[in-house]
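Okay, structure first, notes after.
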Amino acid sequence: MSNPTNQEQHIEQQRVDKVIELINGRIEVLEEETLGSKSEMVDIRKNFWDDVTVNFEDSAESAETFASLKQQAEVLSERERTYKQAEIQLQTLRKLQHSPYFGRIDFVEEGQSRKDLVYLGIASLRDKNDEDYLIYDWRAPISSLYYDYPPGPAQMETPMGTIHGDLLVKRQFMIRDGKIISMFDTGVTIGDELLKEVLGKQSDAQMKSIVATIQREQNRIIRDERSRLLIVQGAAGSGKTSAALQRVAYLLYRYRGILTADQIVLFSPNPMFNSYVSTVLPELGEENMQQTTFQDYLVYRIGRSFKLEDPYVQLEYALTAVEEPEYESRMAGIRYKASADYVILIERYLSHLGQEGLIFRDVNFRGEKVADAEAISDYFYGLPRTQAIANRLRLVAEWLLELLKKREAETAYEAWVDEEIELLDKETYLKAYQSLRRKTGYSGNSFDDFDRERDLLANYVVREAFKPLRSLVRKLGFINIRACFRKLFLDPEFAQGLAVECTGGSGLPVEWSSIAKQTLARLDQRVMAYEDATPFLYLVERIRGFQVNNTVRHLFIDEAQDYTAFQFAFLMRLFPRSRVTALGDLNQSIHAHSVGGASGFDALKERFDDKLTETIILTRSYRSTRPIVEFTRCFIPGGGLIEPFNRDGAKPTLTAFTDQEELQQEVGNRIKKLRSEGCRTVAVICKTAAESLNTFNALGSVGDLRLIEKETNTFEPGIVVIPSYLAKGVEFDAVIVYDASADCYGRESERRLFYTVCTRAMHELHLYMVGTAWSPFITVEAMQLAHVENKQEA
C-alpha cells in the first residue's frame, strides 16, 4: 500500500470540488422542479372537480363525464410520478453531496491503449452533457474489479461477455463534507485504514451500509446470480447480514424493470432486528423489501384458532425448566418435531389419510343435518383415490353446495321464514328490493303483489341465512383438521407403524408416549406449542391445498441456523419459484431443537440441485476488536479458524464479587464510565427474560435504562438490559455480561448461547459474576487473554 503525493491529493480534491459543484447545481434545479410539481399537484387536487364536467343525464353525457374524469386523474397521476422520481433523485444527490465517491480504479482493456478512470459511489452520476460517467454505481459490472482484484490482470463479466484487462491503480478515499480526509493506494481489496476508520466508529441505531468496505468474499455473495440456493455460513461479525442487504440492492439494480422490492422477502429473527436493518436499502436509494418473522407468519395463519407459543417462550422453557418432571420428554419432542424424519412421518400420515381416516364434521342448518360426517366421508372416499386430497375436497365442496341449494329451495316455505320476514326493518326491506332489481331485472317501483312480495322476501331471507354455511363449505370447513392432527398422537402403535415404514426400522423416539400425551393435553386446551405450529400448518396446507406465493422471486432467511428442517420444508413449498439466500452461523444455534439435533442447513440443501447450490464460508470477524475475537473464539470447537480483523482494543475483563450489591454497584459504575467515554450503545445481557427484568429493577438508579422484551419493535441507541436470545444479530459498542458464572452458563447446551452473548461486543466486553466458578466455557487460554480481577478477596 502507498500514499499518493500531496500534488495527487490536490488534483483529486479539485475533482471532488467540481463534482460537488455539479451536484449542487442539479440539486437547485430539482428543488425548483419538485416545488413546482408539488404546487401543481396541490392545485389539481384542490380544483379537481372544478375542471371536470359532471353530467349523467344520458349515456352520451355519462361517457363525456367519464372521459373528463379519466383525463384529470391521468394528469394528476403524471404529476405525482414526476414529483416522486425527482424526490428520489434529490435524496441520492444529497447523499453524494457530502461524500460523492469512495474508490477509484484505473483499468486498461485488453488490446486498448487508453485507460479508463472509474470512480465508485453509492449511485451513478453523469457529466453536464449526460455523456460520460463521473461516478459509477458500486453495483455496476465494472465496479466488481474494485472489490475482486489487486492491481494486475483482471476481468469482469458484462452482458456482452467477459472483458479482460489490467488494473493499474486501486485508490480509496475518505471524503467527509466534500473534503478528502485521507486517500491511499492499495494492493488488496480494501485497505486496513478504511476498515479501521469505519469499524472503529461507535455503534448506531441502524446497521450501516458497507459499500465502501465490501471484501472479496462478501462481493461473491452480493453478485451471485447463478445459484438457486446460496448458503452463507459465517462467524459472528463476519458481515453476513450486511452483505445480504447489499445483495438485495444489487439484485434490484441488476434486474431493474424486472424485479421489484415487493418480490423479495426477508425472514428476520425478531421485530427489533427489522428496525435495526431498516435504513440500509433506503440509504442506497432502494425501497425496502418485505420483512417479516416466521412467528408473525404463524400468528397470521393460525393465531386466531390457538394460543400460539413463540420461540422465545420455548427457549425460556429450555433454559429454566430443567428440574420439571416432563422436561426431558418435552425436549426430545422439540428435537424430533424439528427433524427431517418428522417431515417424512407427516407425509406418510397424509398418504394414509388419502386412503382412510380423514375426520369430517356434520353440515347442519338450524340444527338439522344437510349432510352428516359419515355421508361426507363416504362421498370423499368414493372418489378416485389417485387424486390429491385437496382436489377431492373441492369436489366434495361442490357436491355439498348442490345439497345446500336444494335445501334452500325446500326451506322457503317453512314457518321461521315468515317470522324473519315480519322482523325485517325498513332498511333491510329496501336492501332486499334493490338486490331483487339487480338479480332478477324486476323493474317495478315497489312490491305491489302480496304473494310475489312474500316469495321474493323469503328468497332473500333464506339466501342470507344460508350464506355463512355456503362460505364455510367453500372454505372446506366441513373437515376437522385439528382432529386429524390430534389423531396422530392418540395411538402410539399406529404412529410407530408409520414411522417404521418411513425410516426402515428406527421408528419414533423412545419418549414418544410422553411426547404424545403432552401434545394432546396442549391441543385440548387450544394451545399450540412452537414445535407443533409448523407441522400443523403444513398438514392444513397439504390437505386443503397449499396457498403458494409465486410472485416472490428471492427469499432471504437470516439466522437460518435457528430454522428447523420442518420450517424449511414448509417455506420451500410456500415459495416454490423463489431463489433462496440462507445466512447463519452454526456456532450461534441457540434454540432448543438444535441441541444434539441435525443442522437445518442439511435439510435445506437436500431440496436443491447440488449444481445450483453455492456455499460461502466467512471466517474473518470484523465486528469485534482483535482481543475480543481471540477471547471468544476459545469458547467453541473449531474457534481457531475464526480470523480476527487487525483492530486493537482493550482486553475483555472478568470480575468476581462476593455479593449482588457489590456487583450492582460495579455494573452501575461501569455503565456511567462507558457513557462518559462516548459509547452510544451499551447492552447489559442477561440469560433469560426473568433475569433481565430483575437486573433492570436492580439497576434502576443508573437512569436512562431501557428493558428490551420480545415485543420491543425498535432498536434505539442507549443503555439496554436485554435477554441473551434477543441480542442475536445486533451489535453494541460495549457488552456487560451480568452473570457469567457456571451456575448461569454451565450446561453444554448453553455453550453456543454464551458465545453468542459475548460476540455482540464491538469495542469492550465486561463479564461479571457472584460466586467462585466462572462458566466452564471460559477456558484457561481465554483467561490468559482477559484482564481478571477477583474482588472477593478485597
Check whether any side-chain N or O of [X] sits under 3.5 Å from a backbone N or O of [Y] as a donor-acceptor pair, and report yes or no.
X      : Y      : value
Asp224 : Ser227 : yes
Asp362 : Asn364 : no
Ser589 : Leu586 : yes
Glu614 : Leu230 : no
His593 : Met331 : no
Gln233 : Leu583 : no
Arg385 : Gln355 : yes
Lys487 : Arg482 : no
Asn549 : Val552 : yes
Gln561 : Asp585 : yes

List for me each residue that meets side chain to side chain contact (heavy atoms under 4.5 Å, CB included) alongside Glu709, sequence neighbours excluded, and say none if there are none.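 Partners of Glu709 under the side chain to side chain contact (heavy atoms under 4.5 Å, CB included) test: Leu707, Glu711, Thr712.
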Basic-acidic side-chain contact under 4.0 Å: [X], [Y]:
X      : Y      : result
Arg522 : Asp532 : yes
Lys405 : Glu408 : no
Arg330 : Glu531 : yes
Glu316 : Lys710 : no

Pairwise distance [atom1]([X]) to [atom2]([Y]) - rounded to 0.5 angstrom:
X      : Y      : atom1 : atom2 : value
Phe466 : Leu401 : CZ    : CG    : 11.5 Å
Asp341 : Leu508 : CG    : CG    : 9.5 Å
Leu537 : Arg542 : CG    : CZ    : 13.0 Å
Asn587 : Thr756 : CG    : OG1   : 8.0 Å
Ile389 : Leu358 : CD1   : CG    : 5.0 Å
Ile264 : Glu287 : CD1   : CD    : 10.5 Å

For [X] and [Y], which heavy atoms make the closest approach, and how far apart are they?
X      : Y      : result
Ala533 : Leu308 : CB-CD1, 3.7 Å
Arg607 : Ala603 : CG-O, 3.6 Å
Leu383 : Arg392 : CD1-O, 3.7 Å
Arg463 : Arg470 : O-NH2, 3.3 Å
Ala565 : Ser339 : CB-C, 3.8 Å
Thr411 : Val417 : O-CG2, 3.3 Å

Take Thr613 and Asp610, measure what side chain to side chain donor-acceptor pair (under 3.5 Å) needs, and give me the verdict at the end. CA-CA 5 Å; Thr613 298; Asp610 285 345; 5.0 Å; no
Would the number of heavy atoms belonging to other residues, nucleotides or ligands and lying under 6.0 Å from CD of Glu414 be above 12? yes
What do you reckon, is CZ of Arg256 surrounded by more than 12 foreign heavy atoms closer than 6.0 Å? yes
Would you call the rings of [X] and [Y] parallel, tilted or perpendicular if under 30° counts as parallel and over 60° as perpendicular?
X      : Y      : answer
His352 : Tyr349 : parallel
Phe485 : Phe489 : perpendicular
Phe267 : Phe294 : tilted
Phe570 : Phe546 : tilted
Tyr336 : Trp512 : perpendicular

Arg228 to Phe608, cation-pi by 6.0 Å centre distance and 45° axis angle: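 Geometry flag: not set, cation outside 6.0 Å or 45°.
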Run the side chain to side chain contact (heavy atoms under 4.5 Å, CB included) test on Leu618 and Lys240 for me, step by step, so that the C-alpha distance in whole Å, both residues' side-chain angles and the decisive distance to 0.1 Å come before the verdict. CA-CA 8 Å; Leu618 304 176; Lys240 300 181 294 295; 4.1 Å; yes
In the structure I gave you, are the side-chain heavy atoms of [X] and [Y] within less than 4.5 Å of one another anywhere?
X      : Y      : value
Val500 : Gln496 : yes
Tyr563 : His591 : no
Leu469 : Leu404 : yes
Gln547 : Glu541 : yes
Thr292 : Tyr300 : no
Met289 : Val265 : no
Leu604 : Met572 : yes
Asn288 : Leu266 : no

Do Tyr530 and Tyr312 have ring centres separated by under 6.0 Å? no
Start with the C-alpha distance between Phe306 and Val527, add both sets of side-chain angles, then the distance that settles side chain to side chain contact (heavy atoms under 4.5 Å, CB included), and finish with yes or no. CA-CA 5 Å; Phe306 296 92; Val527 172; over 6 Å; no
Exercise: do [X] and [Y] side chains pair donor with acceptor under 3.5 Å:
X      : Y      : answer
Lys337 : Thr564 : no
Arg247 : Thr581 : yes
Ser329 : Gln518 : yes
Glu225 : Tyr255 : yes
Arg573 : Tyr538 : yes
Ser268 : Asp558 : no

Apply side chain to side chain contact (heavy atoms under 4.5 Å, CB included) to Gln263 and His554, showing your working. CA-CA 7 Å; Gln263 291 176 302; His554 283 273; over 6 Å; no
For residues 371-380, which side-chain donor-acceptor pairs fall under 3.5 Å, sequence neighbours excluded?
{"unit_1": "Asp372", "atom_1": "OD1", "unit_2": "Glu374", "atom_2": "N", "d": "3.3"}
{"unit_1": "Asp372", "atom_1": "OD1", "unit_2": "Ala375", "atom_2": "N", "d": "2.7"}

Given side chain to side chain contact (heavy atoms under 4.5 Å, CB included), test Asp262 with Thr551 step by step and report yes or no. CA-CA 9 Å; Asp262 60 4; Thr551 61; over 6 Å; no
